[in-house]
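All chains are named by letter (A, B, ...) in the order of the sequence lines, taking the proteins before the strands, and each is independently numbered beginning at 1. Hydrogens, waters and symmetry mates are skipped; everything else that's a heavy atom, side chains included, is used.
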Amino acid sequence: MPELPEVETVRDGLARWVVGRTVASVEVRHPRAVRRHLLGAADLGARLAGARITAASRRGKYLWLPLASAAETDSALVAHLGMSGQLLVRPADSPDERHLHVRIRFADVPPDGTGTELRFVDQRTFGGLMLDQLVPAVDRPDERLPAQVRHIARDPLDPHFDDAIFSARLRRRDSALKRALLDQSLISGVGNIYADESLWRARLHGERRGQTLRPAQVRELLTQVRAVLTESLRAGGTSFDALYVNVNGEGGYFERALNVYGREGEPCPRCGTAIRRLAFMNRSSFLCPNCQRRPRS
DNA sequence: ATCGGTCCCTGTGTGC
DNA sequence: TGCACACAGGGACCGA
């Protein structure tokens, strides 16, 4: 569910509210939430206890909190929100959420005993937490990221995103443009909403093959991807319902700015043609059949 | 090395 | 009111 603007909004909240704090204890209430931590919930809890959170980082839709303690120096708590995951900073005495799967208590509880805790809540359980080692990034060895995140490409707002490499790889592909935009090892942070919005802005049909794009079209596409991600980030992301929220439980406001996503039957804001919904890749794609011409097959 | 399809879950809305 | 089905911001994995 959450894409770059939503995940970055969460990262920013973590940077404000949990960086610098020391973990006291971890309570795993649903084992599936830590299934990717192969050593199990007990190991995760034991290693997190006593560790100080030193930063809040992100690559694409992955988040991680680097740790510092006697035992954990090059490790991080890695989180992926999947379709419905939330990281919430909540008062310790606030009621448990229905799908609260992991609770992280901090050592710095004020005297009144009502400090905040970090909660991982996830209705559909596609997301999860794990501890992982930090390793050098492939392209910039001075930069570190969790080993499990190495295969994720940089996102288009990352200052070290390489436009030329992206263009070359995209134009070599025999796959549909939309599939390529959703491939996190090619470009990260873009999901179903922002792929559709970017393609509409660039007037490209999602079923166009990467190979058929001219370099100028790839540049235009990248420009529009960046524009829509930046605008959404400024609005705090897109919240169709209460599933995507920031760490304080608040939604974002970008839904009203969407041009095609979820707007089947409504007029295209550019030409007035009715927006169409296509089933594609087991997902919905929304597009303007006039502005985004289907490629000849 | 790529590509497309399938599966993992729970909840909500729709139509019969 | 109940039930069946489609669908939902993702991605790992598996054959071809």
Which atom pairs link the protein and nucleotides 5-7 of chain C when you take only N or O atoms and keep those under 3.5 Å?
unit_1: dC7(C); atom_1: OP1; unit_2: Arg277(A); atom_2: NH2; d: 3.2

Which pairs pass salt bridge (charged side-chain N to carboxylate O under 4.0 Å, His left out) with one or both residues in residues 265-293 of chain A, sequence neighbours excluded? Arg263(A)-Glu266(A)
Results of salt bridge (Lys or Arg N to Asp or Glu O under 4.0 Å) for Arg58(A) - residues two or more places apart only: Glu8(A), Asp155(A)
Results of salt bridge (Lys or Arg N to Asp or Glu O under 4.0 Å) for Arg154(A) - residues two or more places apart only: Asp139(A), Glu143(A), Asp158(A)
Requiring both pairing distances under 3.5 angstrom, list the stems that contain DNA chain C and are made of three or more consecutive Watson-Crick or G-U pairs. B:2-8 with C:10-16, B:10-16 with C:2-8
Can you list the residues that meet the ring-ring contact (aromatic ring centres under 6.0 Å, His included) rule with Phe161(A), with sequence neighbours excluded? Phe166(A)
The criterion is side chain to side chain contact (heavy atoms under 4.5 Å, CB included); which residues satisfy it with [X], sequence neighbours excluded?
X         : answer
Arg172(A) : Ala168(A), Arg169(A)
Ala153(A) : none
Arg103(A) : Glu27(A), Arg29(A), Asp96(A), Leu100(A), Arg105(A), Glu117(A), Arg119(A)

Could you pull out every donor-acceptor pair under 3.5 Å between side chains of residues 145-152 of chain A and any protein atom, sequence neighbours left out?
unit_1: His151(A); atom_1: ND1; unit_2: Gln148(A); atom_2: O; d: 3.3

Along nucleotides 2-12 of chain B, 5' to 3', which nucleotides get a B, which get an S, and which get a -, given that the test is a protein heavy-atom distance under 4.0 Å? -SB-B-BBBS-
What's in the same ILVMFWY side-chain cluster as Leu38(A), cut-off under 4.5 Å, chained through other members? none
